Amino acid sequence: MNDWQRKSPLDWETYVNKMVKVAALEKHEYEGWVLTVDPVSASIVLATYLENEKVSISVVLGHAVQEVEILKEGDNEMKQRLSCIFAPEESKAYSPEELEERKNSLKTWLETNHIPVTEQGESGRTLCVAGVLTIDPPYSPEECSSSNEIILSRVQGLIQGYFEKQQ
């Protein structure tokens, strides 16, 4: 086990949102912005911005990491860019007001169709259907989550039909 693997998750967290140079086995070097570090394998996920705003993602496996050098601190703008890399395209397109409108509209429609729905979470951003399914922003079928596949499939179909009628 190398020094990098011996670090704690709190140590690894200090590298997140920073530009680093990673020296790995066999004299390989990688540079990029740290998105995250896997707490189990100590693998580092790096993002590198290419031309035309495309992003390249690299993973340096934890056992191969020899040394990690911080090259640059991330400013707020960079932190925002990094946090959006894996966000669904739809969520980038809506303002907080539009998301609230979508949530309220969908909730009203579900209640009108006698489907029990409540709001969950600190800010009430997540909708909970019948206590067995959740819908996160931007409230599209892809944002539904449930351990019951039958309910998940049916509610996703209902929501898909609802949004198709809206357009």
Side-chain angles (χ1 to χ4, degrees), residues 1-107 117-129 133-147 152 156 159-160 163:
M1 188 179 284
N2 62 33
D3 289 343
W4 177 256
Q5 290 174 300
R6 285 190 192 93
K7 290 183 182 286
S8 75
L10 290 175
D11 294 330
W12 292 323
E13 190 177 27
T14 63
Y15 291 88
V16 174
N17 295 327
K18 294 186 174 126
M19 170 69 86
V20 298
K21 181 191 288 185
V22 179
L25 292 176
E26 298 181 16
K27 298 185 177 160
H28 289 287
E29 284 193 350
Y30 305 90
E31 273 190 29
W33 293 94
V34 178
L35 285 173
T36 190
V37 178
D38 177 51
V40 176
S41 67
S43 298
I44 305 171
V45 180
L46 298 174
T48 309
Y49 286 93
L50 310 171
E51 303 89 43
N52 62 24
E53 287 299 304
K54 291 210 185 275
V55 179
S56 171
I57 303 295
S58 311
V59 177
V60 183
L61 299 179
H63 72 273
V65 174
Q66 298 288 302
E67 184 181 343
V68 180
E69 176 187 350
I70 296 174
L71 302 175
K72 185 175 168 186
E73 296 280 333
D75 57 13
N76 285 335
E77 181 186 341
M78 182 52 71
K79 288 177 185 175
Q80 182 63 36
R81 285 177 70 191
L82 292 169
S83 71
C84 291
I85 289 177
F86 292 115
E89 287 298 318
E90 302 92 43
S91 68
K92 297 176 188 174
Y94 299 107
S95 70
E97 295 79 21
E98 290 170 319
L99 285 174
E100 188 68 21
E101 164 74 29
R102 281 177 67 92
K103 178 185 79 172
N104 292 334
S105 173
L106 179 59
K107 183 179 179 193
V117 61
T118 58
E119 294 181 17
Q120 280 186 333
E122 291 174 21
S123 57
R125 292 184 48 171
T126 301
L127 293 178
C128 181
V129 176
L133 180 137
T134 58
I135 310 168
D136 292 313
Y139 310 103
S140 62
E142 295 81 25
E143 311 314 319
C144 293
S145 176
S146 176
S147 59
L152 177 63
Q156 283 177 318
I159 294 172
Q160 184 68 42
F163 283 119

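Remember, it's a predicted structure, so these values are computed and weren't measured experimentally. Nothing fancy with the numbering, it's 1 onward along the sequence. Below, all heavy atoms of this structure are taken into account, side chains as well, without hydrogens, waters or symmetry copies.
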Note to self: With a sphere of 6.0 Å drawn around CD of E13, does it hold more than 12 non-hydrogen atoms of other residues, nucleotides or ligands?
What the structure shows: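 Incorrect, the count does not exceed 12.
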
Check: So does R102 have more than 12 non-hydrogen atoms from other groups sitting under 6.0 Å from CZ?
Finding: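 Yes, CZ of R102 has more than 12 neighbouring heavy atoms, counting only those of other groups under 6.0 Å.
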
Next item on the list: Give the C-alpha distance, both sets of side-chain angles, the deciding distance and a yes or no for side-chain contact (heavy atoms from CB on, under 4.5 Å) between N104 and E119.
Entry: CA-CA 10 Å; N104 292 334; E119 294 181 17; 4.2 Å; yes

Euclidean distance, [Y] [atom2] relative to [X] [atom1], rounded to 0.5 Å:
X    : Y    : atom1 : atom2 : answer
I70  : K72  : CD1   : NZ    : 13.5 Å
E26  : Q66  : CD    : CD    : 10.0 Å
L127 : T118 : CG    : OG1   : 8.0 Å
R125 : E100 : CZ    : CD    : 9.5 Å
Y15  : I44  : OH    : CD1   : 8.5 Å
T126 : K103 : OG1   : NZ    : 9.0 Å

Where [X] and [Y] come nearest, the two heavy atoms and their spacing:
X    : Y    : result
A47  : L82  : CB-CD2, 4.1 Å
A42  : W12  : CB-CZ2, 3.5 Å
Q160 : P141 : OE1-CG, 3.2 Å
L25  : H63  : CD1-O, 4.1 Å
I159 : C144 : CD1-SG, 3.6 Å
S145 : L152 : N-CD1, 4.0 Å

Check: Between N2 (side chain) and V65 (backbone), is there a donor-acceptor pair under 3.5 Å?
Finding: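 Checking the backbone N and O of V65 against the side chain of N2, a donor-acceptor pair under 3.5 Å is found.
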
Checklist line | I135/V117 under side-chain contact (heavy atoms from CB on, under 4.5 Å): CA gap, chis, key distance, verdict | finding: CA-CA 10 Å; I135 310 168; V117 61; 6.0 Å; no

Margin query: According to ring-ring contact (aromatic ring centres under 6.0 Å, His included), who are the partners of Y30, at least two apart in sequence or on a separate chain?
Written below: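 Checked Y30 against ring-ring contact (aromatic ring centres under 6.0 Å, His included); zero matches.
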
Next item on the list: Dump the intermediate steps for side-chain contact (heavy atoms from CB on, under 4.5 Å) on I85 and I57, then the final yes or no.
Entry: CA-CA 10 Å; I85 289 177; I57 303 295; 4.1 Å; yes

Checklist line | Sub-4.5 Å side-chain heavy-atom contact between W4 and D11 | finding: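 No, every pair of side-chain atoms sits at 4.5 Å or beyond.
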
Margin query: Between P138 and E143, is there a side-chain heavy-atom distance shorter than 4.5 Å?
Written below: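 E143 reaches P138 side chain to side chain.
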
Item checked: Summary of side chain to side chain donor-acceptor pair (under 3.5 Å) pairs that have at least one residue in residues 32-47, sequence neighbours excluded ->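 Pairs touching residues 32-47 that pass the test: D38-S41, S41-S43.
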
Next item on the list: Evaluate the side-chain contact (heavy atoms from CB on, under 4.5 Å) criterion for residues L46 and V34: first the C-alpha distance (whole Å), next the side-chain angles of each, then the deciding distance (0.1 Å), finally the verdict.
Entry: CA-CA 5 Å; L46 298 174; V34 178; 3.8 Å; yes

